[in-house]
Amino acid sequence: MRDGQGGMGGSADGTEIAKFDRLAGRWWDPKGPMAPLHAMNPARMGWVIGHLARLHGRAPAAARPLAGLSVLDVGCGAGLASEALARAGADVTGLDAAGAALEAARAHAAGGGLAIDYREGLPEALAAEGRRFDAVLALEVIEHVADRAAFCAALRALAKPGAPVFLSTLNRTPRSFLMAKLGAEYLLRLLPVGTHDWRMFLRPAELGAALRAAGLRVTEIAGLSMDLPGGKWRVSRDVGVNYMVMAV
């Protein structure tokens, strides 16, 4: 699953972009093909917003803990993470090259009265413009990109000095193959078949190495676990399937 990531050339994979663009019309259906992302979003965004708020000396439970902070959501898709950030008070830019997904994002944000700057393009191009942000997110994205080194370098370039970069992705383990690939796509049909390529999943050490090569250091890591029955997601210490990192 991914929130987006887009573009042709650079770090992007055109096949992946087209795959998720086709889902744009049902992105905001909580029972549609993005249902797992909807279920996961409160836990993962609570973790991200909490860490970002505390970095700036704010209470995560405040009404608008990210007020005044500029945040970039790379691979924003139709805006699940972007809208959560905007409701927390952040000045949000959502970036993706999947045009249909961005149209869905703009329409949904407008319907909710949220002012989010959605832009079509690549992180490398935005970095070349000299844009810098108080935080950069790339959630459920890096396992879909063609050039991870270029992608991580672009995330680093887009973050202000000392600003955090947040990523979430899938670990490449036998358990993730059974749960996130076979189980989610073929047995339970929670995701469209072909959503993931298990070979593209990253072990935490691999992600850490890619970030270090780009000049980023992982400072926090946490797992995302789904409780059964019920399907409720929570932050955990189990990084065997889904996990998140914060790097600076």
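Counting begins at 1 with the first residue of the sequence.
Using a 4.5 Å heavy-atom cutoff, the side chains of D238 and R175 are in contact. At a threshold of 4.5 Å between non-hydrogen side-chain atoms, the residues E83 and I116 count as touching. For the pair L95/L126, a side-chain contact is recorded, criterion being any heavy-atom separation below 4.5 Å from C-beta on. The shortest side-chain heavy-atom distance between L66 and L85 falls under the 4.5 Å cut-off. Annotation: side chain of M226 is not in contact with side chain of K232 (no heavy-atom distance under 4.5 Å). Contact of the L158 side chain with the P123 side chain is registered, since non-hydrogen atoms from C-beta on lie closer than 4.5 Å. Looking at heavy atoms from C-beta onward, F166 lies out of side-chain contact with L155 at the 4.5 angstrom threshold.
Shown here for A104 and A78, the closest heavy-atom pair between the two residues is CB-CB, 4.1 Å. Minimum interatomic distance between I49 and A84 (heavy atoms only, all atoms of both residues): CD1-O, 3.9 Å. The minimum heavy-atom distance linking L216 with C152 is given by the pair CD1-O, 4.3 Å. The shortest heavy-atom contact between V218 and G208 is CG2-CA, 4.2 Å. Contact detail for A86 and V92: the closest heavy-atom pair is N-CG2, 3.6 Å. Taking each heavy atom of W233 and A43 in turn, the nearest pair found is O-CB, 3.8 Å.
For R132, the side-chain hydrogen bond (donor to acceptor under 3.5 Å, both in side chains) criterion is met by no residue, not counting sequence neighbours. W47 is linked by a ring-ring contact (aromatic ring centres under 6.0 Å, His included) to H51, counting only residues two or more places apart in sequence or in another chain. Residues meeting the salt bridge (charged side-chain N to carboxylate O under 4.0 Å, His left out) test with R212, sequence neighbours left out: none.
In this structure, the side chain of N171 engages the main chain of V239 through a donor-acceptor pair within 3.5 Å. Checking side-chain atoms of T169 against main-chain N and O of E140 turns up no donor-acceptor pair under 3.5 Å. Although no hydrogens or angles enter the test, the distance criterion places a donor-acceptor pair under 3.5 Å between the side chain of H38 and the main chain of W27. Under a 3.5 Å cut-off, the side chain of D96 and the backbone N or O of G77 do form a donor-acceptor pair. In this structure a side-chain-to-backbone donor-acceptor pair under 3.5 Å is present from E206 to R203.
Here CE of M244 is found 11.0 Å from CG of L137. Values are rounded to the nearest 0.5 Å. Atom-to-atom distance recorded for M40:CE and N242:CG is 4.0 Å, nearest 0.5 angstrom. Atom OH of Y118 and atom OG1 of T93 lie 10.5 Å apart (nearest 0.5 Å). Taken to the nearest 0.5 Å, the CD1 atom of I142 stands 12.0 Å off from the CG atom of L170. Atom CE of M246 is separated from atom CG of L211 by 12.5 Å, given to the nearest 0.5 angstrom. In this structure, CG in L207 is found 8.5 Å from CZ in R148, a value given to the nearest 0.5 Å.
The closest side-chain donor-acceptor pair between D73 and S82 falls under 3.5 angstrom.
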**Prompt:** Where do V248 and V165 land on the side-chain contact (heavy atoms from CB on, under 4.5 Å) test, with the steps shown first?
**Reply:** CA-CA 6 Å; V248 296; V165 174; over 6 Å; no
**Request:** Kindly indicate, with the supporting measurements, whether the criterion side chain to side chain donor-acceptor pair (under 3.5 Å) is fulfilled by D134 and S70.
**Result:** CA-CA 5 Å; D134 294 313; S70 61; 3.2 Å; yes
Show which side-chain atoms of residues 52-62 pair as donor or acceptor with protein atoms under 3.5 Å away, not counting sequence neighbours.
{"from": "R58", "atom 1": "NH1", "to": "P65", "atom 2": "O", "distance (Å)": "3.1"}
{"from": "R58", "atom 1": "NH1", "to": "A67", "atom 2": "O", "distance (Å)": "2.7"}
{"from": "R58", "atom 1": "NH2", "to": "A67", "atom 2": "O", "distance (Å)": "3.2"}

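The pair R172-E143 fails the salt-bridge criterion, with no side-chain N (NZ, NE, NH1 or NH2) lying under 4.0 Å from an Asp/Glu carboxylate O.
Among pairs with a residue in residues 110-120, those fulfilling salt bridge (charged side-chain N to carboxylate O under 4.0 Å, His left out) read R119-E129, at least two apart in sequence or across chains. Pairs engaging residues 65-115 under the ring-ring contact (aromatic ring centres under 6.0 Å, His included) rule: W28-H108 [sequence neighbours left out].
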